[in-house]
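What follows is a single structure, written as structure tokens, with notes after it.
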Amino acid sequence: MDSTGTTALKRAVCTLLLASLGCATSQLLGGESVCTARPLTRYSLTFTGKWSQTAFPKQYPLFRPPAQWSSLLGAAHSSDYTMWRKNEYVSNGLRDFVERGEAWALMKEIEAAGEKLQSVHAVFSAPAVPSGTGQMASELEVHPRHSLVSFVVRIVPSPDWFVGVDSLDLCEGGRWKEQVALDLYPHDAGTDSGFTFSSPNFATIPQDAVTEITSSSPSHPANSFYYPRLKSLPPMARVTLVRLRQSTRAFVPPAPDLVSRGNEIINSLSVPETPLDCEVSLWSPWGLCRGPCGKLGAKVRTRYVRMQPANNGTPCPMLEEETECVPDNCV
């Protein structure tokens with residue numbers, strides 16, 4: 001066989017081996033992506049709350065406590081670790097965090113995963129935001145074997161609702177992404193059955209999986225996110241990760257700091273106006289028929305406003321109705 005034929009045969013064998021073993025440089029067996037970027041890189045993370053009364057007028061919390069965001073807690077990790085995932089059950093640590101804002105158990109779970117499976121490279125955090133519209137920021141370091149980022153932020157007040165990111169990969173084959181921005185939507189952790197922001201504790205037994213809250217699910221008028229006129233909810237928050245320039249200094253991950261530092265409130269955010277229709281109660285029973293003897297009288301029934309309209313929503317209908325009747329006890 002000539003040299004040309006030998007070369008062609010070698011190429012064919014190599015291609016066959018690569019295909020059968022799944023050993024292309026960007027793929028592992030099973031299709032799991034392999035990051036071949038430079039060993040370490042750093043990102044800044046900015047969380048921007050968009051939970052305003054204009055965008056979410058229904059039952060918007062104004063006091064005790066007002067709308068706000070808890071501290072952010074996250075990790076840079078490999079695919080062996082999962083902080084939370086849609087349609088899966090949350091851990092006890094995450095339940096404590098999204099229900100009560102207690103981070104200790106969740107941090108212990110992250111630490112244990114890092115020690116046992118070497119699946120967590122670093123933990124990062126950002127202090128709480130004392131309003132629904134504001135910002136918090138942090139920095140994090142990722143590694144080719146730990147290129148995934150997950151975090152959670154509790155919605156305050158709420159039964160067990162949160163926003164966050166699940167296993168966002170900051171690596172694309174042989175390079176790190178320069179910038180990533182994602183809109184964040186509310187999720188239900190499945191551990192409390194409350195319908196409204198201020199619902200009392202009501203444990204879900206048995207526990208449910210994590211679900212995304214939408215404008216129509218849960219399909220109940222009492223739900224704080226129930227907006228039947230909307231196809232989808234506006235985003236509650238947005239996260240932006242920007243790759244930082246490399247520095248000759250060694251990176252020291254910021255220590256978890258879960259105490260609010262009065263982050264600046266952002267008032268200039270452009271937010272959609274979500275229409276909120278008026279909601280009224282059922283009619284009361286008819287009142288007594290009153291009037292003089294020998295003539296027709298009148299009786300009245302009433303209803304009251306359960307939810308005032310907002311942002312050009314449907315106005316309230318009449319709250320009192322009168323009809324003619326024959327007096328029961330005429331005078």
Side-chain angles (χ1 to χ4, degrees), residues 47 49-51 55-56 58-61 65 67-75 77 79-110 112-113 117 119-120 128 132 148-168 182-237 239 258 274:
F47 175 96
K50 295 188 173 185
W51 183 19
F56 298 91
K58 187 174 183 180
Q59 302 167 3
Y60 188 80
Q68 57 191 273
W69 298 100
S70 78
S71 55
L72 178 151
L73 185 58
H77 59 90
S79 59
D80 295 323
Y81 173 74
T82 302
M83 177 175 283
W84 69 275
R85 185 150 295 164
K86 189 176 176 180
N87 299 323
E88 294 186 7
Y89 298 107
V90 301
S91 65
N92 291 335
L94 189 57
R95 178 198 62 203
D96 290 349
F97 185 78
V98 298
E99 285 191 9
R100 299 186 294 274
E102 298 174 1
W104 185 84
L106 180 56
M107 292 177 66
K108 284 294 183 182
E109 290 174 355
I110 298 173
L117 301 173
S119 58
V120 176
L148 307 181
V149 170
S150 297
F151 69 80
V152 288
V153 182
R154 181 188 177 218
I155 298 171
V156 183
S158 76
D160 60 343
W161 302 339
F162 68 97
V163 298
V165 163
D166 168 32
S167 302
L168 171 65
L182 296 173
D183 286 329
L184 306 179
Y185 297 88
H187 285 74
D188 187 322
T191 61
D192 191 293
S193 297
F195 266 141
T196 67
F197 294 119
S198 57
S199 291
N201 291 332
F202 184 51
T204 302
I205 301 175
Q207 180 177 333
D208 284 337
V210 174
T211 56
E212 182 177 344
I213 301 172
T214 69
S215 60
S216 58
S217 178
S219 182
H220 194 292
N223 188 274
S224 294
F225 289 108
Y226 185 70
Y227 295 95
R229 289 177 57 181
L230 298 183
K231 290 184 178 180
S232 60
L233 290 174
M236 282 199 83
V239 63
L258 306 178
T274 300

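Note that the structure is a prediction, hence the values are computed from the model and not measured.
Counting only residues at least two apart or in different chains, side chain to side chain donor-acceptor pair (under 3.5 Å) contacts with residues 206-224 comprise Gln59-Ser224.
Residues Thr191 and Glu99 have side chains that bring a donor and an acceptor to within less than 3.5 angstrom of each other.
Classification of the Phe197-Trp51 ring pair by plane angle, with boundaries at 30° and 60°, yields tilted.
Interatomic distance, CZ of Arg95 versus CD of Glu102, reported as 10.0 Å (0.5 Å rounding). Atom CH2 of residue Trp69 and atom CZ of residue Phe47 lie 4.5 Å apart, to the nearest 0.5 angstrom. For the atom pair CD1 (Ile110) and CG (Leu73), the distance works out to 4.5 Å, reported to the nearest 0.5 Å. Taking CD1 of Ile155 as the reference point, atom CD of Gln68 lies at 12.0 Å (rounded to 0.5 Å).
Proximity of a side-chain donor or acceptor of Asn201 to a complementary backbone N or O of Asp192 within less than 3.5 Å is not detected. Proximity of a side-chain donor or acceptor of Asp188 to a complementary backbone N or O of Trp161 within less than 3.5 Å is not detected. Side chain of Tyr227 to main chain of Lys58: a donor-acceptor pair is present (N/O by atom type, distance under 3.5 Å, no hydrogens or angles). Distance alone, capped at 3.5 Å, places no donor-acceptor pair between the Ser70 side chain and the Val153 backbone. The backbone N or O of Tyr89 lies less than 3.5 Å from no partner atom in the side chain of Trp84, so there is not a single donor-acceptor pair. Counting only distance, with no hydrogens or angles, the side chain of Ser150 and the backbone of Asp166 share no donor-acceptor pair below 3.5 Å.
Contact detail for Ala128 and Ser71: the closest heavy-atom pair is CB-N, 3.6 Å. Residues His187 and Val210 share a closest heavy-atom pair of CD2-CG1, 4.1 Å.
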